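Read the structure below first, then the notes.
Note that the structure is predicted; figures quoted are calculated from it, not measured. Every heavy atom of this structure was used, including side-chain atoms; hydrogens, water molecules and symmetry mates were not.
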Amino acid sequence: MTTSANGNFIRKPFIAGNWKMNMDHVQGITLLQKLAWTLSDAKHDYNRAEVAVFPPFTDLRGVQTLVQGDELEIVYGGQDLSQFDSGAYTGDISGQFLSKLGCAYVLVGHSERRTIHNESDEVLNAKVKAAFRHGLTPVLCVGEGLEVRQAGTHVEHTLAQLRAGVEGLTAEQAAELVVAYEPVWAIGTGEVAGPEDAQEMCAAIRAELAELFDETVAGKTRLLYGGSVKANNAAAIMAESDVDGLLVGGASLDPAEFANIVRFESHLVTD
Ligand SMILES: O=C[C@H](O)COP(=O)(O)O
């Protein structure tokens, strides 16, 4: 997270909660209400950090109704989308449907989609393009497993996923894109990559975007870290210059904890 001389962020921090396959549509509404109240009580300034939730598909209509009805500033998105727009694709969800439900974002290539559902780089590139076709901002997830980390080829591995994911995008799309670095070995395990690991990879991703597009694009793309983020480590990770946000799994299911992550600025140590 880098600020300009006047203390404003160069890229607006983005704190996202991925509920994964948790929270039915009733539980989801309760969680979102509690989160909104907690942030409102804490007088959270949404200009200082954008807040997004990624509920299961079946929760999205309820989330839309609550967000619109209560005029919440929290934004939301889908956890996946089809690379196709419509047709005989049983079980899949079109970006058009997500758009119609007021989604602003969509996750693409979360490690659980890459591993459990075997989604290939080629399919994920098609999903990134489908998101843009339907007016959604893709959050492209990249990151290495434990074996790759131990072999020391994590940067190379992650940049290959990045290159495949952004293939064929325009500079404008690349600037709007959000990239989430999630070391798979740190997801849901309690193992957190250190702030310096997050910075190493985010800096490498930004340098690669500058190569593929240009410095202006790379300076605009927001880069997130995800993997066992909690309120007690969020501020240190966000203090790194190339980390612009956090993709939070387990801790986003606890509204008080997640609100504290959103309010990471209040935990920053200032000189
Ligand atoms: O999408 C979120 C990431 O997979 C991180 O999950 P976690 O915070 O439960 O480790």
Side-chain angles (χ1 to χ4, degrees), residues 1-3 7 9-20 22-23 27-28 30-55 73-75 107 110-112 139 141-146 149 154 158 178-203 205 222-271:
M1 181 190 63
T2 301
T3 51
F9 302 111
I10 288 171
R11 293 171 292 272
K12 188 173 179 179
F14 183 68
I15 311 297
N18 175 12
W19 296 356
K20 306 194 178 184
N22 297 293
M23 303 287 146
Q27 295 168 322
T30 307
L31 172 58
L32 187 58
Q33 270 172 334
K34 284 185 182 165
L35 176 63
W37 291 333
T38 310
L39 289 172
S40 165
D41 285 351
K43 303 201 174 354
H44 174 63
D45 179 356
Y46 288 85
N47 292 316
R48 300 293 295 174
E50 185 175 4
V51 183
V53 293
F54 291 86
E73 292 182 77
I74 296 171
V75 296
L107 301 181
H110 189 280
S111 62
E112 289 144 23
V139 178
C141 304
V142 294
E144 81 285 357
L146 185 59
R149 165 64 61 160
H154 49 287
T158 302
V178 178
V179 180
Y181 168 55
E182 298 200 294
V184 180
W185 48 272
I187 296 176
T189 59
E191 290 290 325
V192 191
E196 62 291 346
D197 296 317
Q199 171 58 23
E200 176 200 37
M201 192 63 80
C202 287
I205 291 172
R222 288 186 295 175
L223 307 182
L224 318 184
Y225 167 78
S228 296
V229 173
K230 304 278 182 291
N232 64 12
N233 57 27
I237 299 167
M238 285 299 291
E240 296 292 344
S241 60
D242 283 295
V243 180
D244 307 309
L246 303 165
L247 182 56
V248 184
S252 72
L253 302 177
D254 176 341
E257 180 78 8
F258 188 59
N260 271 326
I261 295 172
V262 167
R263 299 182 59 255
F264 68 89
E265 266 199 282
S266 60
H267 310 294
L268 283 176
V269 178
T270 45
D271 296 330

Any side-chain heavy atom of R48 sitting closer than 4.5 Å to one from P13? no
Residue pair E240 / C202, side-chain heavy-atom distance below 4.5 Å: no
D254: what forms a salt bridge (Lys or Arg N to Asp or Glu O under 4.0 Å) with it, not counting sequence neighbours? none
Establish, from distance only, whether the side-chain atoms of E73 and H44 form a donor-acceptor pair under 3.5 Å. no
Quick one: do L247 and L107 satisfy side chain to side chain contact (heavy atoms under 4.5 Å, CB included)? Show the steps, please. CA-CA 10 Å; L247 182 56; L107 301 181; 4.3 Å; yes
Nearest 0.5 Å, what's the [atom1]-[atom2] distance between [X] and [Y]?
X	Y	atom1	atom2	result
N260	K230	CG	NZ	13.5 Å
E182	L246	CD	CG	10.5 Å
K20	L253	NZ	CG	9.0 Å
E50	K12	CD	NZ	5.5 Å
E257	N232	CD	CG	7.0 Å
Y181	M201	OH	CE	4.0 Å

Grab the two heavy atoms, one from [X] and one from [Y], that are nearest each other, plus how far apart they are.
X	Y	result
V53	P55	O-CD, 3.4 Å
G17	S252	CA-CB, 3.5 Å
A236	P195	O-CB, 3.7 Å
L224	D244	CD2-C, 4.4 Å
E144	R149	OE2-NE, 2.9 Å
N47	D45	N-OD1, 2.8 Å

N/O donor-acceptor pair under 3.5 Å between Y225 side chain and A193 backbone: yes
Look at the side chain of N233 and the backbone N and O of S228, then say whether any donor-acceptor pair between them is shorter than 3.5 Å. yes
N/O donor to acceptor pairs below 3.5 angstrom from side-chain atoms of residues 31-43, sequence neighbours left out:
| from | atom 1 | to | atom 2 | distance (Å) |
| --- | --- | --- | --- | --- |
| T38 | OG1 | K34 | O | 2.6 |

